[in-house]
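Keep in mind that this is a model prediction, so the values were computed, not measured. As the structure lists them, so they are numbered: ligands from 1, and atoms in each ligand from 1. Worth knowing before you read on, the calculation uses all heavy atoms, side chains too, and leaves out hydrogens, waters and symmetry mates.
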Amino acid sequence: MRKAIIAGNWKMNKTIAEAQSLAEGVKIDLAEETGVDVVLCPPFTALKTVSDVVSGTQIKLGAQNVHFEQSGAYTGEVSPAMLRDLYCHYVILGHSERRAMFGESSAIVNRKVKAALAGNLLPIVCVGETLEERDAGQVETVVETQVRESLADISAEEMKKIIIAYEPVWAIGTGRTASPEQAQEVHALIRDVLRKMYDDGVAQAVRIQYGGSMKPSNAAELLAQPDIDGGLIGGAALDPHSFVQIVAAARQD
Ligand code: 13P
């Protein structure tokens, strides 16, 4: 049985004071153990504050990006060790916004995955097709290629630590969610790719999150799908009550 994982990707939102109040809101509502891995991914500038708020609770901290080198002359970048310093456990890699707007190829994502693992961070690796690619019948090819290239040369043991997030680009921030059946189909496909790259043990162990307009009203039916093991939440993670309702929908007890 894979443990559900719900992560909030706050993107480029929240000043320090706002981040503190959002994290505190989540913490108060999640005082009771949930049996779900809960992760908050604020912007870099609010990591320290959120780290202090969630310290000693079931809530873990994640970053939204990391550089692939451990240190050096990389102006504006942040290293894995810097994130560990702030008690970050997770890092989102290859989000479609980074792929589309900041030129992140799967080859770059692959370097970041390796750097994150070497720096003791758990990568959340995002994949997903655009609407044009879906309309052209290319979902399978696009997603399989992203998975294979982003995870190239990763050992089976390392793979078990990685989380994959399937985020169809057309569903992000649009209010247009993939139907549970559409999402399940691609999640099953991703698990099949892992089976081909590794074996059934690895394919069954890896958790695959869905992301794209997930909210309290649609979370339960998405999370009920056999290959959907959690959610990567954007907009709905900016409100503590919505986020906590999604965590509640993921509870397996
Ligand atoms: P929304 O939940 O706002 O659609 O964003 C999803 C996402 O991109 C999470 O990484």
Which bit of Asn9 is near ligand 1, meaning a heavy atom under 4.0 Å away: side chain, backbone, both or neither?
-> side chain
Under 3.5 Å, side chain of Glu104 to main-chain N/O of Arg99, donor-acceptor pair present?
-> no
Within the 4.0 Å heavy-atom cut-off, what Ala171 brings close to ligand 1 is backbone
In this structure, atom 5 (O) of ligand 1 is nearest to the protein heavy atom Lys11 NZ, 3.3 Å
Among Gly234, Gly173, Cys41, whose heavy atom sits nearest atom 4 (O) of ligand 1?
-> Gly173
Would you check if the side chain of Thr49 reaches a backbone N or O of Gln20 as a donor-acceptor pair within less than 3.5 Å?
-> no
Say whether Gln138 and Thr141, considering side chains only, have a donor N or O and an acceptor N or O under 3.5 Å apart.
-> no
Residue, atom and distance of the protein heavy atom nearest atom 9 (C) of ligand 1 read Glu167 OE2, 2.8 Å
Nearest 0.5 Å please: distance from the CG atom of Asp29 over to the NE2 atom of His241.
-> 5.5 Å
Gln58 side chain vs Thr34 backbone, donor-acceptor pair below 3.5 Å = yes
Please say whether His95 places an N or O atom under 3.5 Å from an N or O atom belonging to ligand 1.
-> yes
Do the non-hydrogen side-chain atoms of Glu69 and Arg111 ever get within less than 4.5 Å of each other?
-> yes
Numbered in order shown, the ligand 1 atoms found under 4.0 Å of a heavy atom of Ser213 are 1 (P), 2 (O), 4 (O)
Gln245 side-chain N/O to Lys215 backbone N/O, donor-acceptor pair under 3.5 Å | no
Applying a 4.0 Å heavy-atom criterion (strictly less than), which segment of Lys215 is in contact with ligand 1: side chain, backbone, both, or neither?
-> neither
Is there any N or O on Gly235 that sits under 3.5 Å from an N or O of ligand 1?
-> yes
Is there a heavy atom in Gly212 that sits closer than 4.0 Å to ligand 1?
-> yes
